[in-house]
Amino acid sequence: MPPADAQKAVEELARQVAALDRATAARIINEYAVVYAQLQDQAAGVVRVAQQRNLKPWEVNRMNRLNELEGQLVKNVGQFSRVAGETVTAGQRAAVGLSVQGAPVVANASLPTGITLGNLANVGIGWNQLPAEAFQAFVGISGDGAPVGNLLANLGPQAATGVKQGIRTGIATGQSPREIANVVRQAAGMPLSKALTISRTEVNRAHREATRLNYAANSNVVKGYRRLATKDENTCMACIALDNTVYETNEPLDAHPNCRCAMVPDTLTYQDLGLDIPEEPRPQTGQEWFGQQDRKTQENMMGTKVFTAYQGGRVGLNDLVTTSTSSVWGKSSTVKSNRALGL
């Protein structure tokens, strides 16, 4: 694998997926802005009337305006959820398209210097281009195999409960309208926050799974794939520790929600092709990269307790990783809690 060429190709594809993710998120944010503005006006009206009338908490709970606010919020967030689900599905479809176009480009860049997919095709090792129907399972479907919309279905009632509770508690404890508005803002932001997490996770999952399917369909060229973590201070330590891990093509990447890891194909080598040429060096791993960072960066990424244990040799990078299976997100590797690490 020529490290520079392969990584450049993967990073370029990752930039395209990131741009798609941002565009999808922008559409979701714009859609929710209308819901949020209306809620703010309604909530402010409820608080103003309740405080002007000096209502008791139980009286606030029976206010027609508060109950109307709840019903309207559930309705509006329900409409938002349907549109958001359609937006995520469109993002998944576009992400699959990027995978179909990008997988052979990345595979070509990952082959040893002087070897191309064109060369291989001349000796009967061709790239199998899958039909569009093969990727339908990744569009409109979430990590648990259910429609994406199912993940958004309960956002309205959850948000309404939080908003009502915030208003009641705020009035009962004598908070100012501004303080109550801040609480309402946090509760009202939950549907948007969850929708954005779902969007990013599912768009990226669709892209990764379509990429993996492409690799699996071309086992004559791709032997497996390697995890490529984004190497910066915002990357979680689980991804840093697992960077350069080799996976079988029938094994989904154990990514976590909002994971930025990419998949680099582990392609045929000179030796596989019967050529007596020294193999090219592997790119720097996440663990090697982390070891070259200054103490402040390492501590910021790990947290003080873990960093102290790491410096003392009581915790290694591989010790930080835990893998679990969620009915919604599937298999994912994340960072162990300090308690799990004995800290």
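Everything numeric here is computed off the predicted structure, so don't read it as measured data. No hydrogens, no waters, no symmetry mates; every other heavy atom, side chains included, goes into these values.
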*Please check if any side-chain donor atom of Thr269 sits under 3.5 Å from a side-chain acceptor atom of Asp272, or the reverse.*
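Per modelled atom types, Thr269 and Asp272 side chains form a pair under 3.5 Å.
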Can you hop from [X] to [Y] via hydrophobic side chains spaced under 4.5 Å?
X      : Y      : result
Leu341 : Phe290 : yes
Leu343 : Val335 : yes
Leu273 : Tyr270 : yes
Met263 : Leu242 : no

Any [X] side-chain heavy atom under 4.5 Å of [Y] side chain:
X      : Y      : value
Arg168 : Gln165 : yes
Asn128 : Asn220 : no
Leu253 : Tyr225 : yes
Ser219 : Thr249 : no
Leu39  : Val77  : no
Val100 : Gln129 : yes
Pro191 : Ser81  : no
Val264 : Ser110 : yes

Q) Donor-acceptor pair, Asn76 side chain versus Val35 backbone, under 3.5 Å? A)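 No, the answer is negative, given that no donor and acceptor are paired below the 3.5 Å cut-off.
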Kindly give the heavy-atom pair with the smallest separation between [X] and [Y], and that separation in Å.
X      : Y      : value
Arg227 : Ala255 : NH2-CA, 4.1 Å
Asn214 : Ser99  : ND2-OG, 3.6 Å
Leu152 : Gly85  : CD1-N, 3.5 Å
Pro265 : Val106 : CD-CG1, 3.3 Å
Glu233 : Trp289 : N-CH2, 4.4 Å
Asn234 : Arg260 : C-NH2, 3.6 Å

*Between Gln158 and Lys194, does a side chain to side chain donor-acceptor pair (under 3.5 Å) hold up when you go through it step by step?*
CA-CA 11 Å; Gln158 291 173 6; Lys194 285 194 174 182; 3.3 Å; yes
Any salt bridge between [X] and [Y], counting N to O under 4.0 Å?
X      : Y      : result
Lys223 : Asp266 : no
Arg205 : Glu202 : yes
Glu11  : Lys8   : no

Intermediate values then yes/no, side chain to side chain contact (heavy atoms under 4.5 Å, CB included), Val46 and Ile167
CA-CA 8 Å; Val46 170; Ile167 292 175; 4.1 Å; yes
### Query
Picking from Arg185, Gln186, Arg178, what satisfies side chain to side chain donor-acceptor pair (under 3.5 Å) with Asn182?
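Option passing the side chain to side chain donor-acceptor pair (under 3.5 Å) with Asn182: Arg185.
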- Message: Other residues, nucleotides and ligands only: do more than 12 of their heavy atoms fall within 6.0 Å of CD on Glu12?
- Response: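 Count over threshold, so yes.
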More than 12 heavy atoms from other groups under 6.0 Å of CZ on Arg339: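 Open: at most 12 neighbouring heavy atoms sit under 6.0 Å from CZ of Arg339.
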Can you tell me how far [atom2] of [Y] sits from [atom1] of [X], rounded to the nearest 0.5 angstrom?
X      : Y      : atom1 : atom2 : answer
Thr87  : Ile29  : OG1   : CD1   : 11.5 Å
Leu196 : Thr201 : CG    : OG1   : 10.5 Å
Arg65  : Gln72  : CZ    : CD    : 13.0 Å

Check against side chain to side chain contact (heavy atoms under 4.5 Å, CB included), Gln79 and Lys75:
CA-CA 6 Å; Gln79 293 173 343; Lys75 177 182 176 181; 3.6 Å; yes
| request: Test Glu209 against Gln92 for side chain to side chain contact (heavy atoms under 4.5 Å, CB included), laying out the working first. | output: CA-CA 11 Å; Glu209 282 295 274; Gln92 287 180 309; over 6 Å; no
Below 3.5 Å, can you tabulate the donor-acceptor pairs from side chains in residues 306-320 to any protein atom, sequence neighbours excluded?
residue, atom, partner, partner atom, Å
Thr308, OG1, Thr304, O, 2.9
Gln311, OE1, Arg295, NH1, 2.9
Asn318, OD1, Gln287, NE2, 2.8
Asp319, OD2, Gly316, N, 2.7

message = Pair Arg200, Thr24 - check side chain to side chain contact (heavy atoms under 4.5 Å, CB included), show working.
response = CA-CA 8 Å; Arg200 175 169 296 148; Thr24 303; over 6 Å; no
- Not counting sequence neighbours, which residues clear ring pair (Phe, Tyr, Trp, His ring centres under 6.0 Å) with Tyr215? List them please.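 Scan of Tyr215 (ring pair (Phe, Tyr, Trp, His ring centres under 6.0 Å), adjacent residues dropped) gives none.
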